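Quick note on labels: first sequence line is chain A, next is B, and so on, each numbered from 1. All of these numbers come straight from a predicted model, not from anything done at the bench.
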Protein chains: 2
Amino acid sequence: MDTKLQPAIVIHGGAWAIPDNFAEASKLGVQIAAKIGYKILHSGGSALDAVEAAVCSLEDDPVFDAGRGSTLNEIGEVEMDAVIMEGSELRAGSVAAVQNIRNPVKLARLVMERTDHCVLVGKGANMFAEEMGIEEVSVDSLVTDSARHDWEHYKKFKVTVNEFFCSRGDPHDTVGAVAVDCHGNVACATSTGGITAKRVGRVGDSPIIGSGAYCDNNYGAASATGHGENIMKVTLSRHVLYLIQQGLTPQAAADKSIEYMFERVKGTGGVIVVGNKGDIGYNFNTKRMAWASLKCNTLKYGLNPGDEFVSDFNP
Amino acid sequence: MDTKLQPAIVIHGGAWAIPDNFAEASKLGVQIAAKIGYKILHSGGSALDAVEAAVCSLEDDPVFDAGRGSTLNEIGEVEMDAVIMEGSELRAGSVAAVQNIRNPVKLARLVMERTDHCVLVGKGANMFAEEMGIEEVSVDSLVTDSARHDWEHYKKFKVTVNEFFCSRGDPHDTVGAVAVDCHGNVACATSTGGITAKRVGRVGDSPIIGSGAYCDNNYGAASATGHGENIMKVTLSRHVLYLIQQGLTPQAAADKSIEYMFERVKGTGGVIVVGNKGDIGYNFNTKRMAWASLKCNTLKYGLNPGDEFVSDFNP
């Protein structure tokens with residue numbers, strides 16, 4: 001392994017009022033994703049490959065609202081969003097309101113690498129998936145009993161999305177990864193099924209470059225989670241990198257950006273950050289956020305405010 | 001009229017290699033839009049109403065690539081994007097890949113004011129338009145002979161979008177408006193038909209909060225135009241506001257942000273800016289950008305680098 005720089009990865013599995021029956025599976029899922037990404041980094045692989053593999057693992061895990069486990073929109077369909085970005089040339093790929101595919105983050109990477117564009121949405125994103133030979137999967141294969149139950153609840157009580165998010169905290173939420181590799185390249189990826197009972201075509205912050213994720217080799221990488229509308233209003237991930245540019249550590253930038261989002265628009269959510277030297281940061285002002293980090297073979301993870309469980313990991 | 005602050009508005013009609021046969025109509029169109037917006041501001045109206053009315057006027061003008069005059073995508077369809085934002089609470093509304101409506105910016109404002117969301121895309125945006133009672137219009141009513149000619153050229157020569165933008169400069173481009181009203185509220189709006197022969201579902205910077213437009217009463221408002229993929233990579237409009245926050249004038253922020261976009265990602269385009277005290281800025285590194293500004297009853301406008309035509313306007 002190239003020893004120029006100790007690589008590092010940080011994962012989130014969503015910032016919201018994660019219920020107790022999701023707690024253990026959420027903590028486990030982010031640890032698994034961190035290990036998958038770290039193995040790639042540790043063997044000299046790229047930050048881009050690491051965040052893609054980590055987010056794929058989270059998309060495949062039904063406890064998280066992304067890929068399998070996605071929420072249902074107001075008409076009971078699944079529409080997913082994802083973004084991936086790398087920090088050397090700021091190349092980025094994003095898909096929004098895409099349906100019937102297993103791993104939106106993989107499609108986002110193909111948008112980045114195989115088209116002249118950065119963002120494809122709706123039927124166009126699905127046309128591109130078909131062109132790339134990506135298998136179409138059934139809605140049933142993406143939807144869990146839990147997601148369907150949340151949707152039935154919405155249909156019955158007709159609560160609005162704001163009530164959902166602010167009071168019940170029920171909508172699951174977003175996964176993401178940020179990493180720096182041993183060559184000093186940073187990358188980030190974010191993926192989501194969105195908010196339960198969202199309008200058809202609603203897109204949150206996740207696939208939006210600068211809001212759901214942003215990175216630049218000069219500063220670091222960030223991935224956001226939470227109430228997407230408010231995250232977009234303050235372009236949360238871009239804001240984190242501006243704070244690093246102004247001299248803040250990744251941890252201070254995470255703290256200040258969450259504080260700013262709450263002060264400016266009363267937004268709730270969380271963010272994970274890695275600096276271009278491997279310093280790690282995270283913060284959230286929701287009840288819980290599932291997160292994990294791996295650096296120097298040390299795994300850290302948590303769920304509640306103040307949590308920081310530590311264990312060794314030898315890839 | 002409230003005299004607390006002299007209101008101001010700046011308009012752009014796209015930054016690209018505007019051909020001579022579009023030159024006069026482009027200059028005229030941005031002046032008309034500036035006057036429409038300024039009349040609202042001068043009579044005490046809001047910056048939000050002013051930018052919406054100005055962009056509607058540009059959408060209705062077939063010389064510009066937005067609303068009527070939009071380009072055709074690779075399969076000969078029209079898919080339009082628009083955003084609107086106000087700077088007091090950072091409320092924003094956006095639509096992307098919406099079809100068969102006349103004024104996407106009006107729909108974006110309805111997303112902001114009538115939903116819990118900020119962004120609706122594709123069929124969901126059209127479902128919402130129908131719900132709001134917005135009339136569906138035919139593709140033919142949106143497409144000009146010129147736009148169809150560009151598309152036929154693409155079909156014949158199969159040039160890629162990058163070639164289109166970088167060499168031929170053929171794809172038309174985006175309209176936008178920024179304004180500050182006499183109460184010190186800022187607003188911005190951007191609208192586009194995108195790039196000729198774009199993939200189905202391709203979304204550029206225009207509807208992306210922070211890229212195609214951004215505003216905050218604490219600093220000012222910005223609207224961008226040009227090669228959307230590169231604008232998104234540097235979140236151009238958000239970048240302008242960070243520079244103002246750091247003490248730059250709106251003009252210096254416009255200059256520096258265009259310079260930064262070129263240095264970091266070789267991006268070409270333009271930006272218009274208004275500070276929260278009414279100072280005006282604009283810059284572009286394309287061959288031409290149609291722009292106009294109106295403040296203290298003085299209309300300024302231009303097309304080529306260095307242009308600054310001045311005339312009086314009494315609303």
Side-chain angles (χ1 to χ4, degrees), chain A residues 73-75 79 81 85 89-92 94-98 111 115-128 131 160-165 195 198-205 207-211 214 216 218 228-230 232-235 237-239 242 245-246 264-266, chain B residues 73-75 79 81 85 89-92 94-98 111 115-128 131 160-165 195 198-205 207-211 214 216 218 228-230 232-235 237-239 242 245-246 264-266:
Chain A
N73 68 14
E74 61 179 345
I75 62 169
E79 292 186 308
D81 310 328
M85 185 172 187
E89 298 171 27
L90 310 188
R91 288 182 305 145
S94 164
V95 290
V98 67
V111 171
T115 79
D116 295 331
H117 301 319
C118 288
V119 183
L120 293 178
V121 306
K123 72 174 180 185
N126 274 99
M127 286 167 66
F128 176 64
E131 190 183 322
T160 72
V161 170
N162 270 345
E163 279 171 0
F164 249 100
F165 197 89
I195 296 183
K198 65 184 178 184
R199 278 179 183 271
V200 177
R202 177 266 187 183
V203 175
D205 65 297
I208 306 296
I209 299 159
S211 290
Y214 198 73
D216 185 329
N218 293 319
E229 279 71 12
N230 285 323
M232 278 191 277
K233 288 173 187 175
V234 300
T235 62
S237 294
R238 186 74 179 94
H239 191 68
Y242 276 109
Q245 185 177 357
Q246 285 165 33
R264 190 68 182 87
V265 295
K266 300 279 170 262
Chain B
N73 68 14
E74 61 179 345
I75 61 169
E79 292 184 309
D81 310 327
M85 185 172 185
E89 298 171 26
L90 310 188
R91 289 183 304 144
S94 165
V95 291
V98 68
V111 171
T115 78
D116 295 331
H117 302 318
C118 288
V119 183
L120 293 178
V121 306
K123 72 174 180 184
N126 274 99
M127 286 167 66
F128 176 65
E131 190 184 321
T160 72
V161 170
N162 270 345
E163 280 171 0
F164 249 101
F165 198 89
I195 296 183
K198 64 184 179 184
R199 278 179 183 272
V200 177
R202 177 265 187 184
V203 174
D205 65 297
I208 306 296
I209 299 159
S211 290
Y214 198 72
D216 184 327
N218 293 319
E229 280 70 13
N230 285 323
M232 278 191 277
K233 288 173 187 174
V234 300
T235 61
S237 294
R238 186 74 179 95
H239 192 69
Y242 274 107
Q245 184 177 358
Q246 284 166 34
R264 190 67 182 88
V265 296
K266 300 280 169 260

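There is no contact between A:V95 and chain B, counting heavy-atom distances below 4.5 Å. Residue B:V111: no heavy atom, backbone or side chain, is found under 4.5 Å from chain A. Interface remark: B:V121 contributes backbone and side-chain atoms alike to the contact with chain A (heavy atom separation under 4.5 Å).
Between B:K198 and B:E229, none of the side-chain N atoms (NZ, or NE/NH1/NH2) sits under 4.0 Å from a carboxylate O, so this pair counts as no salt bridge.
Counting heavy-atom pairs under 4.5 Å between each of A:E79, A:M85, A:H239, A:E89 and chain B puts A:H239 at the top. Chosen from B:E74, B:K123, B:R264, B:R238, the residue pairing most often with chain A at heavy-atom distances under 4.5 Å is B:R264. Chain B forms the most heavy-atom pairs under 4.5 Å with one residue out of A:L90, A:I75, A:V200, A:N218, and that residue is A:L90. With chain A as the partner, the residue from B:S94, B:G201, B:A96 showing the most heavy-atom pairs under 4.5 Å is B:G201. By number of non-hydrogen pairs under 4.5 angstrom with chain B, the leading residue of A:N126, A:N73, A:N230, A:T115 is A:T115.
The side chain to side chain contact (heavy atoms under 4.5 Å, CB included) search around B:S211 returns B:D205, B:I208, B:I231, B:M232, B:T235, not counting sequence neighbours. By the salt bridge (Lys or Arg N to Asp or Glu O under 4.0 Å) test, B:E131 pairs with A:R199, sequence neighbours left out.
The distance from atom CD of A:Q246 to atom OH of B:Y242, rounded to the nearest 0.5 Å, is 8.0 Å. For the atom pair CZ of A:F128 and NE2 of A:H117, the computed distance is 9.5 Å after rounding to the nearest 0.5 Å.
Summarising the geometry of B:G204 relative to B:D81, their closest heavy-atom pair is N-OD2, 3.8 Å, with the distance given to 0.1 Å.
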